[in-house]
Amino acid sequence: MSATRRRNFSFEFFPPKTPQGREKLRATWHELAKIKPQFFSVTFGAGGSTREGTLETVLEIRAAGHEAAPHISCVASTRADVAAQLEQYRSHGIRHIVALRGDLPSGLAAAGEFRYASELVAFIRESTGDWFTIDVACYPEYHPQTRSAADEIRNFKKKIDAGANTAITQYFYSADAYFRFVDDCRAAGISVPIVAGIMPIANFSQLARFSDVCGAEIPRWIRFKLESFRDDSASIRAFGLDVVTRLCEQLLAGGAPGLHFYTLNQAPLPAEICRRLGA
Ligand code: FAD
């Protein structure tokens, strides 16, 4: 990998719910800001997080002079809800958002006016023109609701055709899955940058839980090693850092335009991976 390659890193947070969580996150983004990321992003309504917390967190980070993009999701929302949210973002001078469908808590039926993120992207463009740079999600190992690989690429393309500028992937641990997905997207006429989503490994049971829900595969050999460390968090951390740094090196060497870290509001692992990558 070229030592001079420009590295585009971004870091994702969720809005904290408590004063202690806010304090902790402040320390986290202060630490990660030293890496000079392209931007930070803050999830919206994910895992039951408050929606007000998204804007509040974004504004705090921006007030310190850093780029920060709020996420916006549309599941169970009306057009009026989304328009109001966009207007709020716009009134604060925010020009970069991450647009998602979102997920309903299990058992709840959708009652909103949007079915898919492509409809959200189309609505954002219709109502706000080119004010926002829009990032969307994509899935190298396929979304849990994917019916076929070809459908998934077609559905992803609808978001791009509706006006999305960049895509960020769900996390994965197979560089091959990413490279194959990018090739398939290019063959289907999708030309936007596809930034790789990276989940550092800190805790096996939490990772297994997330992966079951979002459809990301933990390769058997990684699962096996992590399970065998049991409660030995130092070994999990050391092994996870090696595996994820190697993955990032492969991705950057193979042309990934950037890495987007799912930080879970913790700085040490993403900071160490970036340090090992030469940031
Ligand atoms: P979509 O693009 O709408 O796709 C969802 C599923 O529907 C896919 O299987 C797709 O193939 C299918 N589909 C799409 N269009 C059609 C169509 N026209 N006909 C039939 N099927 C179709 N969730 C949150 O709640 N808040 C967040 O802040 C958040 N941030 C995220 C950030 C990233 C980078 C990623 C990767 C995910 C994030 N998520 C977040 C999770 C995301 O909301 C879920 O993965 C959700 O299940 C799908 O969202 P999407 O925007 O990819 O949906």
Side-chain angles (χ1 to χ4, degrees), residues 9-16 38-55 57-58 68-77 81-82 85 89 96-106 108 110 112-124 133-172 177-178 181 184-185 188 190 192-199 210-216 256-265:
F9 296 139
S10 51
F11 299 106
E12 182 174 307
F13 306 129
F14 58 84
Q38 252 193 329
F39 65 95
F40 295 104
S41 84
V42 184
T43 62
F44 182 87
S49 66
T50 67
R51 295 177 163 199
E52 299 70 38
T54 302
L55 180 62
T57 307
V58 162
H71 295 203
I72 182 167
S73 67
C74 61
V75 71
S77 298
D81 296 333
V82 171
Q85 192 68 48
Y89 288 165
H96 181 188
I97 53 180
V98 184
L100 304 133
R101 184 194 69 179
D103 289 311
L104 285 173
S106 57
L108 281 190
E113 293 177 354
F114 297 89
R115 279 171 311 163
Y116 301 112
S118 55
E119 296 170 2
L120 172 64
V121 175
F123 179 74
I124 297 170
T133 295
I134 304 175
D135 295 357
V136 290
C138 64
Y139 303 85
E141 293 179 341
Y142 299 97
H143 185 267
Q145 289 156 357
T146 299
R147 280 178 305 202
S148 76
D151 270 355
E152 187 62 33
I153 304 269
R154 267 195 294 274
N155 292 334
F156 174 36
K157 188 165 187 296
K158 286 183 190 154
K159 296 195 274 199
I160 306 307
D161 293 346
N165 303 98
T166 298
I168 303 173
T169 74
Q170 184 56 275
Y171 71 86
F172 55 86
Y178 170 84
F181 180 74
D184 290 348
C185 290
I190 297 169
V192 299
I194 299 178
V195 170
I198 304 295
M199 179 71 90
F210 287 161
S211 302
D212 284 347
V213 173
C214 73
L259 304 177
H260 179 80
F261 288 87
Y262 298 106
T263 68
L264 305 180
N265 293 5

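Values in this document were obtained by computation on a predicted structure and should not be read as measured data. All ligand and atom numbering here is 1-based and tracks the order in the structure. All residue numbers in this chain count up from 1 along the given sequence.
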Using side-chain contact (heavy atoms from CB on, under 4.5 Å) as the criterion, list what pairs up with Asp151, not counting sequence neighbours.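 Residues passing side-chain contact (heavy atoms from CB on, under 4.5 Å) with Asp151: Arg147, Ser148, Arg154, Asn155.
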I need the contact type for [X] against ligand 1. Using non-hydrogen atoms and a strict under-4.0 Å cut-off, is it side chain, backbone, both or neither?
X: Tyr262; answer: side chain
X: His71; answer: side chain
X: Arg115; answer: neither
X: Phe156; answer: neither
X: Lys159; answer: side chain
X: His143; answer: side chain

His260-Glu12 side chain donor-acceptor pair, cut-off 3.5 Å: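 Short answer, yes.
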Flag for His96-Thr133: side-chain donor and acceptor within less than 3.5 Å: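 Checked: Thr133/His96 side chains show no N/O donor-acceptor pair below 3.5 Å.
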Which atoms from ligand 1 have a heavy atom of [X] less than 4.0 Å away?
X: Gln170; answer: 36 (C)
X: Ala137; answer: 35 (C), 36 (C), 52 (O)
X: Thr146; answer: 9 (O)
X: Arg147; answer: 20 (C)
X: Glu152; answer: 8 (C), 9 (O), 10 (C), 11 (O)
X: Ala117; answer: 1 (P), 2 (O), 3 (O), 51 (O), 53 (O)
X: Gln145; answer: 6 (C), 9 (O)

Which heavy-atom pair separates Ala117 from Ala99 by the least distance, and what is that distance?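 Heavy atoms of Ala117 and Ala99 come nearest at CB-O, 4.4 Å.
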Can you name the closest pair of heavy atoms from Asp103 and Val75 and give their distance?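 In this case the closest contact between Asp103 and Val75 is N-CG1, 4.0 Å.
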Would Gly102 count as being in polar contact with ligand 1, using the rule that some N or O on each side must be under 3.5 angstrom apart?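 Right, the criterion is met.
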Using distance alone, decide if ligand 1 has a nitrogen or oxygen within less than 3.5 Å of any nitrogen or oxygen in Ser118. no
Taking atom 37 (C) of ligand 1 as the point of reference, which of Asp135, Leu100, Leu104 owns the nearest heavy atom?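 It is Leu100 that holds the nearest heavy atom.
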With respect to atom 50 (P) of ligand 1, which of Tyr116, Phe14, Phe44, Tyr139 exhibits the smallest heavy-atom separation?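 Ranked by closest heavy atom to atom 50 (P) of ligand 1, first place is Tyr139.
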Look at the side chain of [X] and the backbone N and O of [Y], then say whether any donor-acceptor pair between them is shorter than 3.5 Å.
X: Asn265; Y: Phe13; value: no
X: Tyr89; Y: Leu55; value: no
X: Lys159; Y: Cys138; value: no

Test item: Phe14 and Thr57 side chains (from C-beta on) under 4.5 Å apart, heavy atoms: no
Is the closest side-chain heavy-atom distance between Phe114 and Val82 below 4.5 Å?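 Yes - at least one pair of side-chain heavy atoms lies under 4.5 Å apart.
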Those residues that, when tested against Glu141, pass side chain to side chain donor-acceptor pair (under 3.5 Å) (two or more places apart): none
Hey, is Asp103 one of the residues with a heavy atom under 4.0 angstrom from ligand 1? yes
